[in-house]
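Okay, so here's the structure we're looking at.
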Amino acid sequence: MEWLTDPFQVTFVQRALWGGMLVSVICALAGTWVVLRGMAFLGDAMSHGLLPGVALAALLGGNLLVGALLSALVMTAGVTALGRTPKLSQDTGIGLLFVGMLSLGVIIVSRSQSFAVDLTGFLFGDVLAVREQDLVLLSVALLLALAVSVLGHRAFLALAFDPRKASTLGLRPRLAHAALLGLLALAIVASFHIVGTLLVLGLLIAPPAAALPWARSVRGVMTLAALLGATATFGGLLLSWHLSTAAGATVSALAVVLFFLSHLVSAFRHHRRARLVGAPAAATD
């Protein structure tokens, strides 16, 4: 059993594990709504839209999280504003913001002498470099995400399944949508320096999507998604240690593997049930 415990006796791996677990819970809270509302493209666009703020912060020697937060606010405001334009589809607006923010970010980063290093860190993160202050920030982000999720649960639920009913019930769907975008931005900003913007979608989408066949409520999806994300974090760090692979990428890849396993087992279960139900009918005939 030493192979199972040895990696987690090292301090920086322990911090990586705690950081990954905190990120898993945050992503489960936001990612459940992303999956239920089919907002994966928006999540991808927002994660890459952080680049200008991160690049500018790196160029000026500022805090990368502050730069990421500012970019996330710009993206949130832009998506909200373009969503109210009647002659422009939401996907078109998101796509334009995505390309525009990404291009601006690359232009800013290209002015830096450490272009390759900065861009690699932004895209892939470094879960093994998590510090104690990062864990504190992630804990604060988790508390904020929990508060938004609890306070906005009813409005988010109505918005996900029947936006017109949300308006009828006085739940202010536009405000709820803006709050949901804020929750998504919070999850991405809190997670990008752990697993990077290319890989954050792995923890944001794969665990909730894997939980869907097994959970009977939105809260059930969130709970199971958090557990699956934590499992991917533990397993990914373990595999990364023994196989000498990139930790963040291994965590995200394992989350995607769990998604496929979940749906394969679910499909097998439904197929078996269908055969068991059909067997008595065939015997009767």
Side-chain angles (χ1 to χ4, degrees), residues 19-50 53 65-66 68-84 90 93-94 97-98 101 137-163 166 171-195 197 199-209 211-212 215 217-226 228-230 255:
M21 287 186 171
L22 288 170
V23 165
S24 296
V25 180
I26 296 170
C27 285
L29 294 172
T32 296
W33 299 112
V34 171
V35 171
L36 290 177
R37 295 197 63 199
M39 296 164 57
F41 177 55
L42 174 60
D44 188 33
M46 289 192 69
S47 63
H48 287 79
L50 302 184
L65 281 177
V66 173
L69 180 60
L70 291 175
S71 278
L73 291 174
V74 171
M75 282 293 295
T76 301
V79 170
T80 302
L82 290 175
R84 296 177 181 176
Q90 188 176 36
I94 293 171
L97 277 172
F98 175 24
M101 292 290 280
L137 288 173
L138 285 172
S139 299
V140 173
L142 175 56
L143 291 176
L144 286 174
L146 280 170
V148 173
S149 298
V150 171
L151 293 174
H153 181 79
R154 188 163 172 258
F156 294 162
L157 196 61
L159 195 64
F161 296 104
D162 194 345
L171 295 176
R172 303 178 69 180
R174 287 186 177 182
L175 180 61
H177 183 67
L180 188 56
L181 290 179
L183 179 61
L184 176 58
L186 175 65
I188 292 172
V189 170
S191 308
F192 89 92
H193 69 298
I194 304 295
V195 291
T197 57
L199 306 176
V200 69
L201 284 181
L203 289 178
L204 194 66
I205 295 175
L212 279 179
S217 67
V218 172
R219 289 188 178 92
V221 173
M222 290 178 177
T223 302
L224 185 53
L228 288 170

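Remember, predicted model here, so these are calculated numbers, not experimental data.
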[X] to [Y] - nearest heavy-atom pair and separation:
X    : Y    : result
A68  : V189 : O-CG2, 3.9 Å
A185 : T76  : CB-OG1, 3.9 Å
A206 : A255 : CB-O, 3.5 Å
M46  : I188 : CB-CD1, 3.8 Å
L184 : G43  : CD2-CA, 4.1 Å
P208 : G31  : CG-C, 3.6 Å

side-chain contact (heavy atoms from CB on, under 4.5 Å) with T32: which of R37, M222, R219? M222
How long is the span from the CG atom in L29 to the CG atom in L142, to the nearest 0.5 Å? 6.5 Å
With rounding to the nearest 0.5 angstrom, report the CG to CG distance, L159 to L36. 11.0 Å
Quick one: does L186's side chain get under 4.5 Å of V148's, heavy atoms only? no
L204 and L201, any side-chain heavy atoms less than 4.5 Å apart: yes
So, using side chain to side chain donor-acceptor pair (under 3.5 Å) as the criterion, who are the partners of S24 when residues are at least two apart? T233
Please find out if less than 6.0 Å separates the ring center of H177 from that of W33. no
